[in-house]
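These numbers come from the heavy atoms of this one structure, side chains and all, not from hydrogens, waters or symmetry mates. Labels below follow one simple rule: chain letters A, B, ... track the order of the sequence lines, proteins then strands, and each chain is numbered from 1.
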2 protein chains.
Amino acid sequence: MTTPSIAGSESHGTRRQLLDAAEQLIGEQGVDRATVRSITDLAAANLAAVSYHFGSKDGLVREVFARRLRPINRQRLEMLDQCLAQPGPPDLEGIVRAMVIPPFRVLSADQAPNFGRCMVRVLSDPSQEMRELLMEMFQEVIERFSGALIQALPEQDPAEVFWRFHFMVGTMAHTLGMGHLVEEYSGGVSHMRDLDSVSERLVRFVTAGMAAEGTG
Amino acid sequence: MTTPSIAGSESHGTRRQLLDAAEQLIGEQGVDRATVRSITDLAAANLAAVSYHFGSKDGLVREVFARRLRPINRQRLEMLDQCLAQPGPPDLEGIVRAMVIPPFRVLSADQAPNFGRCMVRVLSDPSQEMRELLMEMFQEVIERFSGALIQALPEQDPAEVFWRFHFMVGTMAHTLGMGHLVEEYSGGVSHMRDLDSVSERLVRFVTAGMAAEGTG
DNA sequence: GTCTATAAGTAGATAGAC
DNA sequence: GTCTATCTACTTATAGAC
């Protein structure tokens, strides 16, 4: 009698330990340098366990990303719906907040400090297979948010709004994944210890950038 | 009688072709997936040529980055000096411009469209060796620009300014390296064909974010 | 300077015992 | 479900001929 496996939940112990170990090592070293052997060693599992549970290394890597991105993107769309349901003109800061806050929340709540580094790594260094997964997981978010921003910034050319959306994604990814560098830059003046204050700083910066005047 | 080799200049044909091929393949595939074999094949050189000219794959990779980053960071510091030499209070937009414009200029002038992708890849996915090179090449830029920004934003907490510097680097890297994605997002509405207009959009966005009000 | 040939190591995947 | 042992493929680096 095996435990019924609910996709994305804790399910079997070994399976979950493999995901945790993979997330940690991919965050520390990158997808290519995190070998199946190092992952199974850290998870205290056998080398063959990856093939058994995920079919291949690629299957494991896909699930590492999918298990965090599913709740993050669900929260984003829920917050966007709430924001757009308010009466009056669309609230620019609310839209930015709906995009920026959920990943910080999930990383904080799930105690998943390594996932930010995993994310920025594949975002900028995707293999062909990861590119497909990312497109699949982000398509709805991209469409809904860029549409909302175009409505919220009616005086801006849509081409400018798409660029500003892209700028937002860039700051967000770099902050989630490389925020630890700021501690070095600044000699400890800035730090990532309080994720809430970092995400608030980010919301302020991005909202102001979004609201900048257009080309003269 | 061999051609005297000036570091960073065109020097020997094979050497330069190896650098160009490496830049292209690292941009397309990442450092780890770009093998020495694929690089020497594309450069129409022999497998052993990398060891001969650069000592190792790591030596080749380092020079791929150093040959573009040297002029980029030199231009940045020159533009910052000019900006700070102006009378009156430091010009925020001028500082942002000094950081943002040089990489776009060098990529455009050197016909090096792949270098942006190389850069964002190692920035977010550095091996231990690359981390050292990046620290070495960026230390002066980080110190000078963060200092100038703290002066230009006297009403802001330095911790906030360091974060905003980090946000700027994030948008810039993501735009230089992943700008081609915007063409997909936007269904062709936005594009990277005119680098000058992209860098101007970026300067506007970042300057507005830098100038945002602080915490209440 | 350029080449061939090969060394020495490590990757992911899997067959088959338990 | 878990394990050991092994296969095949590919990596970088290098010795030594030309």
Whether [Y] and [X] form a salt bridge (side-chain N of Lys/Arg under 4.0 Å from carboxylate O of Asp/Glu) is what I want to check.
X: A:R204; Y: A:E200; value: no
X: A:E28; Y: A:R117; value: no
X: B:D20; Y: B:R16; value: yes

Interatomic spacing from CG in A:L134 to CG in A:L69 - rounded to 0.5 Å: 7.5 Å

Nearest to side-chain heavy atoms of [X], which nucleotide of [options]:
X: A:K57; options: D:dA15, D:dG1, C:dA13; value: C:dA13
X: B:A48; options: C:dA13, C:dT4, D:dT4; value: C:dT4
X: B:H53; options: D:dT2, C:dT2, C:dA13; value: C:dT2

Output the rounded distance in Å from [atom1] ([X]) to [atom2] ([N]).
X: A:L47; N: D:dT2; atom1: CG; atom2: P; answer: 14 Å
X: B:D58; N: D:dT11; atom1: CG; atom2: P; answer: 18 Å
X: B:L60; N: D:dA13; atom1: CG; atom2: C1'; answer: 14 Å

Give a yes/no on whether any side-chain N or O of [X] is located under 4.0 angstrom from OP1 or OP2 of [N].
X: A:S51; N: C:dG12; answer: no
X: B:T14; N: C:dT2; answer: yes
X: B:N46; N: C:dT4; answer: yes

Aromatic ring pairing A:H174/B:H166, orientation class (parallel under 30°, perpendicular over 60°, tilted between): parallel

Contact residues, residues 28-42 of chain B to DNA chain D [heavy atom, < 4.0 Å]: B:T35, B:V36, B:R37

Contacts of B:Q111 that satisfy side chain to side chain donor-acceptor pair (under 3.5 Å) - sequence neighbours left out: none

